[in-house]
Amino acid sequence: METYTVAILGATGAVGTRLIEQLEQSTIPVGAIKLLASARSAGKTLPFKGKAVVIEEATADAFDGVDIVLASAGGAVSKRLLPEAVKRGAVCIDNTSAFRMDPTVPLVVPEVNPEQLRKHQGIIANPNCSTIQMVVALKPIFERFGLKQVIVSTYQAASGAGQSALNEFFQESRDYLAGKEMTANILPTAGDKKHYPLAFNLLPQIDVFEEDGYTHEEWKMIHETKKILLNDMDAEDLKVTATCVRVPVPISHGESVYIEVNDEKATSQAIRSVLSAGEGLVLQDDPSQQLYPEPLTAGGKRETFVGRVRADQENPNAFHLWVVSDNLLKGAAWNMVEIAERLVAEKLLKH
Ligand code: NAP
Ligand code: 3JN
């Protein structure tokens with residue numbers, strides 16, 4: 001059987017450690033594994049399939065002989081190193097925003113637009129976690145009823161901002177409960193001037209602000225959704241807007257999604273029916289049993305959970321949904337490994 005050499009770039013991070021675990025559980029025949037991170041981690045070890053693997057510093061030459069790169073070490077690292085990996089013959093699945101809006105780079109969620117994989121020229125972009133879970137839920141509705149408008153408000157977990165943000169949130173929680181002052185150095189976003197505690201708080205800022213008052217996370221959700229559903233990041237046929245909020249939850253993002261559909265015959269029951277058959281989706285929607293998706297129960301799972309499906313009371317063609325998924329799995333590591341599984345199964349590892 002053909003086997004593949006796989007490199008994980010950013011192996012020590014919140015996403016990287018999940019990439020190791022998802023790759024261990026995948027159908028990909030891994031012949032050799034390379035764990036790459038910064039010089040700070042070089043020489044340390046992490047386990048893969050029960051064996052200790054020595055972490056190497058990520059350099060261009062580290063990609064010699066690599067077939068598949070799973071990259072999650074930040075946009076600047078991807079911009080610098082992925083073209084080097086492609087030159088050496090690897091296919092790269094990139095979890096950063098570095099190449100997402102490049103029209104020559106497919107932006108892929110396998111349940112939604114797998115046909116785009118065939119167009120790759122060495123790099124495939126993994127969308128933002130908030131976009132992924134929303135488009136998984138929207139896809140069967142879009143196909144069956146058409147979509148005019150999407151208005152989403154996110155409830156994003158601390159782990160979306162990386163391992164150090166998650167550690168800061170836990171420390172703040174301990175300090176608050178011990179009656180001590182909380183110290184914030186990372187959130188809402190490491191690159192901005194001011195920092196605020198997340199524990200016992202809500203932060204309506206994810207990533208930096210654009211001049212129009214939207215945050216960059218909101219901008220990503222709008223344009224990535226259009227690129228994935230309509231293959232055009234500026235498509236005008238579908239109106240999308242977003243408000244992104246960081247919430248004091250460790251893992252799994254929640255989203256309240258308002259949709260207006262084209263088909264006037266759509267009902268909540270018909271929407272529930274297409275959602276229950278949707279790929280990668282689990283419908284959890286029974287108010288009589290208080291059944292709905294929650295971050296605690298979605299954590300550690302690969303699926304996207306959807307519930308609270310109901311008709312808008314003012315607009316007859318509009319509906320509301322509540323969507324929850326593990327941001328580190330379907331929002332990042334599992335979507336990447338799922339792409340890699342499809343590349344292997346469909347023999348698309350050449351470029
Ligand atoms: P994290 O926990 O902070 O981990 C960062 C990883 O990158 C670590 O392995 C780190 O290695 C490595 N790294 C940092 N600088 C490096 C360098 N110069 N060369 C090589 N490796 C370097 O962050 P994370 O949450 O895992 O996220 C990583 C990236 O994934 C983010 O920056 C973002 O671009 C992307 N991301 C995407 C989504 C999504 O929505 N799909 C969600 C989260 C993150 P050391 O331990 O050696 O420092
Ligand atoms: O904050 C979240 O919940 C998701 C964060 C995603 C993220 C964080 C830092 C840099 C990204 C991303 O994937 O959009 C990036 C980036 O690569 O731009």
Side-chain angles (χ1 to χ4, degrees), residues 109 111-112 127-157 160 202 204 206 214-215 217-218 220-226 228-230 235 237-247 249 252-298 301 303-327 330-331:
V109 179
E111 294 84 346
V112 182
N128 178 275
C129 41
S130 301
T131 309
I132 294 177
Q133 67 182 64
M134 183 170 79
V135 295
V136 169
L138 291 182
K139 167 74 177 187
I141 302 172
F142 178 60
E143 266 193 341
R144 175 68 182 76
F145 303 108
L147 277 175
K148 253 192 201 134
Q149 186 169 23
V150 177
I151 303 175
V152 55
S153 297
T154 69
Y155 300 67
Q156 294 183 224
L202 297 171
I206 300 186
Y214 282 74
T215 64
E217 182 82 353
E218 292 159 355
K220 287 178 201 172
M221 281 199 81
I222 294 166
H223 296 284
E224 291 180 19
T225 299
K226 291 178 183 224
I228 295 165
L229 291 177
L230 295 162
D237 317 2
L238 173 62
K239 292 182 194 150
V240 184
T241 195
T243 300
C244 294
V245 180
R246 185 80 62 197
V247 300
V249 163
S252 295
H253 292 351
E255 294 176 349
S256 167
V257 189
Y258 167 95
I259 54 171
E260 186 178 347
V261 300
N262 290 324
D263 187 340
E264 291 179 0
K265 291 191 287 303
T267 61
S268 316
Q269 196 43 44
I271 287 182
R272 259 184 231 111
S273 166
V274 295
L275 288 171
S276 65
E279 212 187 327
L281 275 174
V282 176
L283 182 70
Q284 290 182 322
D285 195 14
D286 186 352
S288 73
Q289 300 300 316
Q290 291 176 279
L291 178 68
Y292 36 71
E294 294 171 71
L296 266 184
T297 49
K301 313 257 169 56
E303 294 88 353
T304 295
F305 299 86
V306 60
R308 299 292 323 277
V309 179
R310 62 210 190 278
D312 190 74
Q313 299 199 336
E314 307 284 349
N315 180 345
N317 298 327
F319 299 86
H320 298 266
L321 321 169
W322 170 244
V323 182
V324 178
S325 193
D326 185 322
N327 56 301
K330 186 58 192 166

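All figures in this text were calculated on a predicted structure; none of them were measured in a lab. Reckoned from all heavy atoms, side chains included, excluding hydrogens, waters and symmetry mates.
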Modelled atom types, side-chain donor and acceptor of Glu218 and Thr243, under 3.5 Å: no
Show the nearest heavy-atom pair for residues Val245 and Thr154, with the distance to one decimal. N-OG1, 3.1 Å
For a 4.5 angstrom cut-off between non-hydrogen side-chain atoms, does Val152 reach Met221? yes
For Ile141 and Val261, work out which heavy atoms get closest and say how close. CG2-CG1, 4.0 Å
Taking Asp237 first and then Lys148, would you say they form a salt bridge - that is, a charged N and a carboxylate O separated by under 4.0 Å? no
Asn128 and Glu217 side chains, donor-acceptor separation under 3.5 Å: yes
In short, Gln156 meets His253 closest at the heavy-atom pair CA-ND1, 3.4 Å
Verify the distance criterion only: is there a donor paired with an acceptor across the side chains of Thr131 and Glu224 at less than 3.5 Å? yes
Can you tell me how far OG1 of Thr304 sits from CG of Leu283, rounded to the nearest 0.5 angstrom? 12.5 Å
Looking at CH2 of Trp322 and CD of Glu294, how far apart are the two atoms once the value is rounded to the nearest 0.5 Å? 10.0 Å
Distance, nearest 0.5 Å, that separates OG of Ser130 from OH of Tyr155: 13.0 Å
Tightest non-hydrogen contact, residues Gly280 and Val136, listed as O-CG1, 4.2 Å
If we only count heavy atoms from C-beta on, is the Met134 to Val257 side-chain gap below 4.5 Å? yes
In terms of side-chain heavy atoms, does Thr267 have a donor or acceptor partner in Gln269 at a distance below 3.5 Å? no
Can you find a pair of side-chain heavy atoms, one from Gln284 and one from Tyr292, that are under 4.5 Å apart? no
Shortest non-hydrogen contact between Ile132 and Pro127, atoms and distance: CD1-O, 3.5 Å
In Å, rounded to the nearest 0.5 Å, how long is the span from CG of Asp285 to CZ of Arg310? 9.0 Å
Which atoms form the tightest heavy-atom contact between Glu303 and Ser325, and what is the distance? O-OG, 3.1 Å
Around Arg272, counting heavy atoms of other residues, nucleotides and ligands shown, do more than 12 lie under 6.0 Å from its CZ? yes
When rounded to the nearest 0.5 Å, the distance separating CD1 of Ile222 from OG1 of Thr241 is 4.5 Å
Would you say that Glu111 contacts Val135 through its side chain, given a criterion of any heavy-atom pair below 4.5 Å between the two side chains? no
Within 6.0 angstrom of Leu291 CG, more than 12 heavy atoms from elsewhere: yes
Flag the pair Lys139 / Leu281 as yes when at least one side-chain heavy-atom distance between them is below 4.5 Å, and no otherwise. no
Cut-off 3.5 Å, side chains only: do Tyr258 and Asn315 have a donor facing an acceptor? yes
